[in-house]
S.K.: 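I have a structure I would like to understand better, so I am pasting it below and will then ask my questions one at a time.
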Amino acid sequence: MAFLHLQHLPHPALRADIIRTALQMNELGINQGKSGNVSARVEDEFLVTPTGIPYEKIRSEEIVAMRMDGTFEGKILPSSEWRFHRDIYAARADVHAIVHTHATFATTLACLDRAIPPFHYMVAAAGGRDIRCAPYATFGTQELSDHALAALRDRKACLLSHHGMIACAADLEKALALAVEVESLARMYWQALQIGEPALLPDSEMATVLEKFVAYGQQSFTDGAG
Ligand SMILES: [Zn+2]
C-alpha cells in the first residue's frame, strides 16, 4: 500500500529537492538542528518541510502540501513558520522558493536589531541597498509574517530580530545560495565591527551595482560577483 501511495505522490522531484535543500542548509553550516525550514511554490499551492522531524529522517510523503488558505491534508503538521511562507507566496509573484534559517552570524546581528548596511557591494544581491531586520514577533504568528513581508519589500532577503533570516528566490538553488551569501555578509560585517564601524558605499554606487546585477538578467546573482 505504501508503495502504491508513493506512486501517486505528486511532485516527487520537488519534494526531493526540498529535503536536499534542508539537509544542505545544515551541511553548509547556515542552520542548526531542526530550527530552519524550506518551501517551494507549486501551481496554486506550496510544499513545506514538516515540523518536528529531523531533516535526515524526512520522507518525501512527509513534505506537507499546503493550500493558500493554510489548510492541508493528512496528519503531518507543516513547519510552525508556514504562515510567512504562505504570505510571501501570496504577495510576491517573483518568489517560488523560500529558505529560512537561524544562521549564526545573521542571527547575531538580528539579536542586536542591526540591518546589514551597504558596507560591501554584494549586499545588493538581496535586491537593494541594505538587508533589513524585521522587528521581533513570536514565531509562527501573523505579526511576525507581517513584519517579514514589510522587511522584504523590494528585497529577496531579510533578518528577523532575535530569530534568524529569510531568503527568497525563483528556485530552491538560488534561495539557498542567497541564504549562504547573506550569512557570509553578516559574518564579514560582524568581523569588520570588531575593528571599527566600516564606511558605507553611497546609494548612487549601490544603484550602479543593482543595475549591473539586473543587466545579468535572470542568472544567479553570483554571476555578477566576479
Ligand atoms: Zn525560525
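Source: prediction; values computed, not measured. Every number for a ligand or one of its atoms is a count from 1 in the order of the listing.
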S.K.: Can you tell me which residue among Thr104, Val182, Leu176 is in a side-chain contact (heavy atoms from CB on, under 4.5 Å) with Ile30?
M.R.: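 The single option meeting the side-chain contact (heavy atoms from CB on, under 4.5 Å) with Ile30 is Leu176.
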S.K.: Kindly write out the residues that satisfy side-chain hydrogen bond (donor to acceptor under 3.5 Å, both in side chains) with Arg67, not counting sequence neighbours, or none if the list is empty.
M.R.: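 Only Thr71, Glu73 meet the side-chain hydrogen bond (donor to acceptor under 3.5 Å, both in side chains) criterion with Arg67.
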S.K.: Who pairs with Phe105 by ring pair (Phe, Tyr, Trp, His ring centres under 6.0 Å), at least two apart in sequence or on another chain?
M.R.: Trp190
S.K.: Starting from the Zn ion (ligand 1), look over the N/O/S atoms of Glu81 and name the nearest one.
M.R.: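 Closest to the Zn ion (ligand 1) among those atoms: OE2.
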S.K.: Salt bridge between Asp69 and Arg86, side-chain N to carboxylate O under 4.0 Å?
M.R.: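 Result for this pair is no, no salt bridge flagged.
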S.K.: So which of the N, O or S atoms of His102 lies nearest the Zn ion (ligand 1)?
M.R.: NE2
S.K.: With the Zn ion (ligand 1) as the reference point, give the N/O/S atom of His100 that is nearest.
M.R.: NE2
